[in-house]
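A short write-up of the structure that comes next.
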2 protein chains.
Amino acid sequence: MDSPRSTFDNLDPQKQRRVLDEAQREFAERGYHQASINRIVGRLDIAKGSLFQYFGSKEGLFAHLFRRAVDEIRAPLRAIRDAKGDEAFPERLKRVFAASSAFAAAHPFLWGIYRRMLAQEDFPLRATLLSEVRAEALTFFRELLEAGQAQGEVRADLDPATAAFLIEACLDRALSAQDSPLLDAGLGLSSDPHTRQARLEAIAEVLCRGFSAPGIAKGAAHE
Amino acid sequence: MDSPRSTFDNLDPQKQRRVLDEAQREFAERGYHQASINRIVGRLDIAKGSLFQYFGSKEGLFAHLFRRAVDEIRAPLRAIRDAKGDEAFPERLKRVFAASSAFAAAHPFLWGIYRRMLAQEDFPLRATLLSEVRAEALTFFRELLEAGQAQGEVRADLDPATAAFLIEACLDRALSAQDSPLLDAGLGLSSDPHTRQARLEAIAEVLCRGFSAPGIAKGAAHE
DNA sequence: CATAGGAATGACCACCTGGTCATTTTCCCG
DNA sequence: CGGGAAAATGACCAGGTGGTCATTCCTATG
């Protein structure tokens, strides 16, 4: 199930890093199909055969990169999650938003690939890789919400799954806007970090209101 | 600025449709780069040269398709927008969600391409086409929100831009989930139309709560 | 110094891409 | 039927793709 040990493992670790970083950059910038092995080896100034000796195939290289990135990230993410302390729910949510934003900025490869995967059906290993990552994220949000309910800051009758969906959708779009002004709807998410954070907090606040308010229906309507 | 009149316009309208539909399908299924002219002409059983005589280039063909799709759609969308009548804000929003969902299902080409464009930086004409469409959508939501504020169903101090951003983000993700179970976070958005609509309404309701509740901050906090 | 074994190489392969254009076919009008 | 214009054709092109493998290079050990 894991990679069958190859030449690559014996390499000078410094060279390993150089290779992985360059390949990572290529995939992050172009996506899977548009990424070119020729271009990677060209920039690395190594022979094409070597890359194939290391990883077997383009898909193998990609899988290796993805797995490595996910592994590297897991620990810091857990730390954020577990450092929630005893803050109020809205503060926690804002903190998570801020951390995610910083994370996306610091790991353009993983974030870029993840974003592309969401929209592109024909990504290799899409189902496997996506469902791993997403399961983790959704559990995280659900737990956060349930904690909020326990504290009484989130309506008890709110469906955690729906709420988690909302959080993820908004966070996702906000992080995308951070890279690409076209998505930012004039909010300023893609400008300087300061206004960006203010915008993120505003978004989190509106969400929290939606989670906390006890009920709205102006007339006791149907349902 | 508009297309310089070509052989294509003189064709039997039935053939025109056949060609456009097949090309559309290819782009919708594969995205821009992975779409293959060879495959299109193969399925149509016409000569490759003909396609290039019609549209000049792959990009030309794509632009033609996109523009046509947007044109075809504009009218029905306007109709939905203007048929808002005098309903309450939450009902309006639910209606918009339902209409959008039906729309995405009925126009897989436009929706598929749009979704890909959002995530893929290297799409031809991305900036032009996207900003056109998005400007329209955001204005629409903003107007809807301002009407809600006028009716007193949306907090007056809510920033319409932020709210529009939230709506769009959630709607977008919900529609994506509709096609791809991987995104649907266990909600059931990708299953039968009935539960899907119920889920969409639940989402809209939480959003509305966030827009209406007069204020949350448990202590009169900073800011 | 000899040699064995892993690492590096790059010419080469089949295949596919978007695009071209001289040639042929089709169709309409006189 | 003849002729002219518009439409259709598909062999062909240069360039790129992922992938292969016989060969060479390097180095560590005896």
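What you see is a predicted model, and the numbers here were worked out from it, not measured in a lab. To find a chain, count down the sequence lines: A is the first, B the second, and so on, and within it residues start at 1.
A perpendicular orientation is assigned to the rings of F62(A) and Y32(A), their planes being inclined by more than 60° (bins at 30° and 60°). Using the six-membered ring where Trp is involved, Y54(B) and F8(B) have ring planes that are tilted, between 30° and 60° apart.
Rounded to whole Å, atom P of dG19(C) lies 14 Å from atom CZ of F62(B). Rounded to an integer number of Å, the gap from R30(B) CZ to dT17(C) C1' is 14 Å. The separation between L44(A) atom CG and dA7(C) atom P is 18 Å, rounded to whole Å. Rounded to an integer number of Å, the gap from CZ of F52(B) to C1' of dG18(C) is 5 Å. Per the geometry, CG belonging to D12(A) stands 13 Å off C1' belonging to dA7(C), to the nearest Å. Regarding F55(A), its CZ atom lies at a distance of 13 Å from the P atom of dA7(C), rounded to whole Å. Per the geometry, CD1 belonging to I37(A) stands 7 Å off P belonging to dG19(D), to the nearest Å. Atoms CD (E26(B)) and C1' (dC16(C)) sit 13 Å apart, rounded to a whole Å.
In terms of phosphate contacts, N38(B) brings no side-chain nitrogen or oxygen within less than 4.0 Å of OP1 or OP2 of dC16(C). OP1 or OP2 of dG6(C) has not a single side-chain nitrogen or oxygen of N10(A) nearer than 4.0 Å.
The cationic group of K58(A) does not satisfy the cation-pi geometry with F27(A), failing either the under 6.0 Å distance to the six-membered ring centre or the 45° limit from the ring axis.
For Q34(B), the CD atom sits in a packed shell: over 12 heavy atoms of surrounding residues, nucleotides or ligands are nearer than 6.0 Å.
In this structure, the side chain of R196(A) does not engage the main chain of G188(A) through any donor-acceptor pair within 3.5 Å. The main-chain N or O of S101(B) is found under 3.5 Å from a side-chain atom of Q178(B) such that the two form a donor-acceptor pair.
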query = Does the pair L20(B) and H64(B) meet the rule for a side-chain contact (heavy atoms from CB on, under 4.5 Å), with working shown?
reply = CA-CA 9 Å; L20(B) 292 177; H64(B) 187 104; 3.8 Å; yes
Under 3.5 Å, which protein N or O atoms sit close to an N or O of nucleotides 8-14 of chain D? Give each pair with its distance.
| unit_1 | atom_1 | unit_2 | atom_2 | d |
| --- | --- | --- | --- | --- |
| dA8(D) | OP1 | K15(B) | NZ | 3.0 |
| dA8(D) | OP2 | Y54(B) | OH | 2.8 |
| dA8(D) | N7 | Q53(B) | OE1 | 3.4 |
| dT9(D) | OP2 | A47(B) | N | 3.0 |
| dG10(D) | O6 | G49(B) | N | 3.4 |

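Candidate nucleotides dG19(C), dT17(D), dA6(D) were compared by shortest atom distance to the side chain of S57(B), and dG19(C) ranks first.
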